[in-house]
Visitor: 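Could you have a look at this structure, given as structure tokens, before my questions?
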Amino acid sequence: MATPTGTTPRKFLGLMSLPERNFVADALRTETVGGVLLLIAAVAALIWANTLPHSYETVSHHHFGPAAIGLDLSVEHWAADGLLAIFFFVAGIELKRELVAGDLRDPKAAVLPVAAAVCGMAVPAVVYVLTNVSGHGSLEGWAVPTATDIAFALAVLAVIGTSLPSALRAFLLTLAVVDDLFAILIIAVFFTSSIDLAALGGSLLGLGLFWLLLRKEVRGWYVYVPLALVIWALMYNSGIHATIAGVAMGLMLRCHQREGEEHSPGEHIEHLVRPVSAGIAVPLFALFSAGVVVSGGAIHDVFTRPETLGVVLGLVVGKAVGIFGGTWLTARFTRASLSDDLEWADVVAVATLAGIGFTVSLLIGELAYEGNPILTEETKAAVLIGSFIAAVLATALLKIRNSKYRSLCEAEERDDDLDGIPDIYEKDKPAYHLRMAEIYERKAAEHRRLGEVAGGAGEGDDGPA
């Protein structure tokens with residue numbers, strides 16, 4: 001039963017609404033599968049780069065595309081600027097949906113994940129800067145450890161088999177969505193050196209046409225896909241990172257349902273495109289970006305060079321401290337209390353898991369040290385090592401509480417009345433209790449019948465042996 005506002009502190013990481021829970025479960029299921037493919041692609045890249053380095057370099061640096069319009073790019077470049085535009089398109093839809101129908105819609109509910117995400121990006125950047133100021137290193141890579149890779153994080157969860165409650169998974173997803181937003185802003189603001197105004201103007205006109213067609217409810221992929229490719233190409237040639245075009249188009253989609261609609265257009269398109277993003281675009285990017293030659297000397301350099309050490313410490317220490325600190329302080333000053341079923345140690349575990357910063361961290365590393373191939377490769381190695389350490393630490397922390405998580409998940413999934421809706425969402429509905437009373441009465445009648453049968457059999461055996 002609802003309590004009057006102001007009498008009881010608002011619960012943080014409590015039970016989600018059923019529609020939101022179902023949406024998050026569907027989204028995370030796809031991301032988890034994509035994350036496993038991402039893990040496979042990253043391992044394949046490392047094996048390929050370390051066993052056949054010449055072959056890996058040849059394929060990664062092979063150029064193709066129409067040079068007349070400035071798109072004669074390497075395979076690695078196509079993966080980073082082209083395929084990741086699909087990833088950021090999905091991120092844009094996720095952000096739009098969170099703003100109109102998810103946790104970010106309610107300012108009171110949004111303040112906590114937003115604050116956690118902001119602190120989770122600011123503290124790693126500070127850790128990186130302090131490490132490099134004290135070690136006389138370059139500050140150009142300050143943004144590398146600020147990103148969280150939700151697909152990789154969920155893949156770790158899938159591999160270790162942790163039954164993380166839906167509220168914690170949703171918190172991780174919301175964190176990643178806000179994280180992606182700020183990563184997009186960082187890329188747009190700090191990694192744009194020169195702008196071609198004509199190309200940018202053409203791209204903006206294309207976005208305006210895209211928005212107008214959506215408002216007029218024009219349908220047909222054959223209209224939007226060619227237009228999206230033109231917008232992307234113009235954005236690339238403008239000097240602004242091409243993935244910004246993907247985000248902009250994703251944000252334009254309508255993500256609220258109208259009467260009679262089962263799904264909004266944004267949710268429908270996200271359902272279609274997310275598997276392409278998680279299952280093809282991101283794994284291929286990983287395949288051509290994570291290929292780092294690993295050796296004892298390379299690993300030694302990661303922990304002795306200030307730029308790479310700053311990345312590792314930013315991901316492992318900065319992310320955990322930033323997210324947990326931002327969450328705790330916000331909860332403290334907004335009088336929000338943690339769900340009765342969870343402990344702050346659970347938030348620490350999720351914050352540590354958010355230190356897996358793979359896809360966007362690799363992308364920012366390439367942008368930050370463009371023109372310095374040695375430092376670019378070492379930064380990639382630092383991202384891989386930092387993400388691996390964060391994954392191991394998070395696994396250990398989550399395993400400690402795994403039995404508790406399993407019982408919470410079982411309670412969330414329990415459906416004794418077999419109506420397709422978890423019982424936990426029907427406790428206040430009289431119809432649910434009537435159905436359960438009927439079920440218990442049938443069971444009681446069956447037990448009475450079995451007792452009478454057993455009693456009758458016993459009476460027949462009372463004669464002398």
Side-chain angles (χ1 to χ4, degrees), residues 2 5 10-31 85-118 121 148 150 166-185 188 204 207-219 221 224 228 231 243-278 330 334 336 425:
T5 304
R10 183 171 53 83
K11 291 291 183 183
F12 161 54
L13 294 179
L15 185 67
M16 305 166 63
S17 68
L18 184 59
E20 185 70 8
R21 175 185 177 276
N22 291 338
F23 176 84
V24 168
D26 183 60
L28 294 182
R29 194 177 301 113
T30 305
E31 290 288 2
I86 302 173
F87 167 81
F88 279 107
F89 174 69
V90 174
I93 300 175
E94 288 177 338
L95 178 61
K96 179 66 173 290
R97 189 197 164 278
E98 287 289 334
L99 288 170
V100 301
D103 287 343
L104 302 183
R105 175 188 56 190
D106 178 9
K108 291 182 179 179
V111 66
L112 204 146
V114 169
V118 171
M121 298 187 81
T148 293
I150 183 64
S166 58
L168 280 174
R169 288 178 180 266
F171 179 60
L172 183 60
L173 179 62
T174 306
L175 268 178
V177 170
V178 179
D179 193 291
D180 286 341
L181 169 64
F182 285 105
I184 291 159
L185 294 175
L204 293 177
L207 287 170
L209 178 59
F210 190 89
W211 178 85
L212 183 62
L213 291 172
L214 289 172
R215 297 289 78 77
K216 296 294 184 181
E217 298 188 354
V218 175
R219 298 180 182 276
W221 65 267
Y224 292 101
I231 294 170
T243 54
I244 305 300
V247 178
M249 288 184 279
L251 285 170
M252 290 181 182
L253 293 175
R254 177 169 63 82
C255 291
H256 63 273
Q257 295 179 19
R258 291 177 179 169
E259 188 175 353
E261 286 184 338
E262 185 177 354
H263 300 288
S264 68
E267 290 174 329
H268 176 66
I269 293 172
E270 181 185 10
H271 181 73
L272 295 175
V273 179
R274 186 188 288 276
V276 178
S277 170
T330 306
T334 59
Y425 290 96

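Being a predicted model, the structure only gives us computed values, none of them experimental. All residue numbers refer to positions in the sequence shown, counting from 1.
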Visitor: Just by distance, do the side chain of Thr334 and the backbone of Thr330 share a donor-acceptor pair under 3.5 Å?
Guide: yes
Visitor: Taking the side chain as everything from C-beta on, heavy atoms only, tell me whether Ile184 gets closer than 4.5 Å to Thr243.
Guide: no
Visitor: Hey, is Arg254 close enough to Glu261 for a salt bridge, meaning N to O under 4.0 Å?
Guide: yes
Visitor: Could you give the distance from NZ (Lys216) to CH2 (Trp211), rounded to the nearest 0.5 Å?
Guide: 9.0 Å
Visitor: Looking at every non-hydrogen atom in both residues, tell me the closest pair between His271 and Pro275 and how far apart they are.
Guide: O-CD, 3.2 Å
Visitor: How many angstroms lie between atom CZ of Phe88 and atom CG of Leu181, to the nearest 0.5 angstrom?
Guide: 10.5 Å
Visitor: Once you round to the nearest 0.5 Å, how far does CD of Glu94 lie from CD of Glu267?
Guide: 11.5 Å
Visitor: Using 0.5 Å steps for rounding, measure from the CE atom of Met252 to the CG atom of Leu212.
Guide: 10.5 Å
Visitor: Using every non-hydrogen atom in the two residues, find where Cys255 and Gly266 come nearest and quote the distance to one decimal.
Guide: SG-CA, 3.9 Å
Visitor: Might you point out which heavy atoms bring Ala228 and Met249 nearest each other, and give the distance in Å?
Guide: CB-SD, 3.7 Å
Visitor: Tell me the closest heavy-atom pair linking Ala116 and Phe171, and the distance in Å.
Guide: CB-CZ, 4.1 Å
Visitor: Quick one: closest heavy-atom pair of Ala117 and Val178, and the distance?
Guide: CB-CG1, 3.6 Å
Visitor: Quick one: do Lys96 and Leu253 satisfy side chain to side chain contact (heavy atoms under 4.5 Å, CB included)? Show the steps, please.
Guide: CA-CA 8 Å; Lys96 179 66 173 290; Leu253 293 175; 5.7 Å; no
Visitor: Quick check against the 3.5 Å criterion: does Gln257 have a side-chain atom that pairs as donor or acceptor with the backbone of Glu262?
Guide: yes
Visitor: What are the two closest heavy atoms between Ile231 and Ala245, and how far apart are they?
Guide: CG2-CB, 4.0 Å
Visitor: If you apply the rule side chain to side chain contact (heavy atoms under 4.5 Å, CB included), what do you find for Thr148 with Leu175, and how did you get there?
Guide: CA-CA 8 Å; Thr148 293; Leu175 268 178; over 6 Å; no
Visitor: Tell me, with the steps shown, if Val218 and Tyr224 meet side chain to side chain contact (heavy atoms under 4.5 Å, CB included).
Guide: CA-CA 9 Å; Val218 175; Tyr224 292 101; 3.8 Å; yes
